[in-house]
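Every chain is numbered from 1 and lettered A, B, ... according to where its sequence line falls, protein lines coming before strand lines.
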2 protein chains.
Amino acid sequence: MRVKTSNGKGDISQIPEPTLRRLPGYLSFFKALKINNVEFVSSGQIAANFKMDSTLVTKDLAYTGIKGRTKIGYNVNQLIETIIQFLDFNSQEKAFLFGVGNLGRALIKYHGLKSYGLHIVAAFDVDTNVVNSTLNDAKIYPIDEFRDLSRKLDVRLGIITTPDAKAQETADLMVAWGIKAIWNFTPQSIKVPDNIIVENTSIYSDLAVILNRLNNS
Amino acid sequence: MRVKTSNGKGDISQIPEPTLRRLPGYLSFFKALKINNVEFVSSGQIAANFKMDSTLVTKDLAYTGIKGRTKIGYNVNQLIETIIQFLDFNSQEKAFLFGVGNLGRALIKYHGLKSYGLHIVAAFDVDTNVVNSTLNDAKIYPIDEFRDLSRKLDVRLGIITTPDAKAQETADLMVAWGIKAIWNFTPQSIKVPDNIIVENTSIYSDLAVILNRLNNS
DNA sequence: AATATGTTGTTAATAAATTAACATCTTGGT
DNA sequence: ACCAAGATGTTAATTTATTAACAACATATT
């Protein structure tokens, strides 16, 4: 196992998914520290904030390549810069969104996403009432225009916020027109070719955990 | 509720969180099968749909207590009923929501949540423009009225969709007035007493995974 | 300048989750 | 009625993630 240096170059960065998932949380914490003019923070302090083991923090941060200083800790500004860089949160990755319902609309208007590397450049829907309107800087088009827009703009990421029943056909359309990664907000599992990246976000899973903890403890 | 006794010690083995998180996905799949009039489904078919190991499916379903039949598979209707029961998705757990921004509004209007056991009965915000309006059947109140409403209604669950900076003080307020579980949609880690259940939902974690897979593979 | 201290970073051990192997059982066909 | 097939359910092995132990080291203090 040679997870030695993660210089960001090459594809050897086999970072564990749990670590990857924790990094945005750290980032949020560090940003808050910066606002409070805190300059340095130790792995112990970070661990205490998240109620976790300090060595786990150390390991997680080591993946980003950042170095702490003995007796001092980590430089907060450097942490923020390094994590943003590592996670490509300054890349402004362009995305198409399909299905401008409640959730879709919220995601488009949620400008927080922009500072986390995502830029929804256009949306698509079948509802003629919303088509041709504009939310933030994203215009809403009829589905038919996806093909042409897909050629004009170079978009790799597609977001599915359609009704559950439309998830699969939306995914098929995306794959057909060159989308490389799909962010699926429906609970439906979608079938795509192996080279397509799929990330499922299901708030129902979180809800299941909460209800379980509430009722069985 | 009793699940399974691990050994003679009499303590019950809790369901693993990964299993818990997969159950809503299964449920969604089974509901789709029912619509297509499929009556029985085997663990192999389920596993194929989710591209996972079939024994894992078997194990997951075993936790709910449901029994499959050799050569036949699992009864779809029974699966749906059992999982809904197991996850308390028919409990209509009442919830307060704090912060009627883009995301908060989407959650309130998202009637899908209702069929998954959650009923947002009221919301709170500081913005006088939204206060006193009604979304779905949830009225929006000023924060001040939380205390009285908390006494009148018996609500155990609180949802935080405020700006990040307000997350902690909102959590403090919730704890002070008897909320037992907090669903935190901000990336901020909140500090609460040990007996309070906290579930963090961070779409930034999912975003981090997607961007990483897109850029490093 | 020397020392004590607190903090990183590495290696080892434990715990948890997934995958594999196998045994069991029930149904359908001959 | 018997046998074969196919699926569940259990036990073992592997992989992965987390926690613990410890070594190295730079800084502040005396």
Quick one: B:K51 NZ to C:dT19 P, roughly how many Å, whole number?
14 Å

Can a salt bridge be assigned to the pair B:R22 and B:E17 using a cut-off of 4.0 Å between side-chain N and carboxylate O?
no

CZ of A:F40 versus P of C:dT8: gap in Å, rounded?
12 Å

Is any N or O donor-acceptor pair between the side chain of A:K59 and the base of D:dT19 shorter than 3.5 Å?
yes

Cation-pi, A:Y116 ring and A:K31 (6.0 angstrom, 45 degrees)
yes

Would you check if B:L135 and B:I120 make a side-chain contact, meaning some heavy-atom pair closer than 4.5 Å?
no

Where the side chain of B:K71 is defined as all heavy atoms beyond and including C-beta, which of C:dT27, C:dC25, C:dT7 is the nearest nucleotide?
C:dT27

d(CE, B:M52; C1', C:dA20) in whole Å
15 Å

Does B:S43 make a side-chain N or O approach to OP1 or OP2 of D:dT8 shorter than 4.0 Å?
yes

Selection from C:dT18, D:dA28, D:dA17 that lies nearest to any side-chain heavy atom of A:P16:
D:dA17

Protein-nucleotide distance (A:E17, atom CD; D:dA17, atom P), rounded to Å:
9 Å

Nucleotide C:dT26, atom P - distance to CG of B:N75 in whole Å:
17 Å

Would you indicate what B:T58 reaches in the nucleic acid, counting non-hydrogen atoms under 4.0 angstrom: base, sugar-phosphate, or nothing?
base

Closest of C:dA21, C:dA17, D:dT19 to the B:T55 side chain is C:dA21

Does B:D172 pair with B:K166 as a salt bridge, N-O distance under 4.0 Å?
no

Could you check how far CD1 of B:I15 sits from C1' of C:dA17, rounded to whole Å?
13 Å

Just to confirm, is there a sub-4.0 Å distance from OP1 or OP2 of D:dA28 to any side-chain nitrogen or oxygen of A:R69?
no

Roughly how many Å is it from CG in A:L56 to P in D:dA20, rounded to a whole number?
11 Å

Whole angstrom value for the distance that separates C1' of D:dG6 from OH of B:Y74
13 Å

Checking all strands, does A:S42 fall into the base, sugar-phosphate, or nothing category for heavy-atom contacts under 4.0 angstrom?
sugar-phosphate

Answer with base, sugar-phosphate or nothing: what part of the nucleic acid does B:K67 contact at a heavy-atom distance below 4.0 Å?
sugar-phosphate

State whether A:Y63 places a side-chain N or O below 4.0 Å from either non-bridging phosphate oxygen (OP1 or OP2) of D:dA17.
no

Relative to the 5' end of DNA chain D, which residue comes earlier, A:I72 or A:R22, by the nucleotide with the nearest heavy atom?
A:R22

Among side-chain atoms of A:H119 and A:D137, is any donor-acceptor pair under 3.5 angstrom?
yes

Between A:T70 and A:I66, which residue's closest nucleotide on DNA chain C lies nearer the 5′ terminus?
A:T70

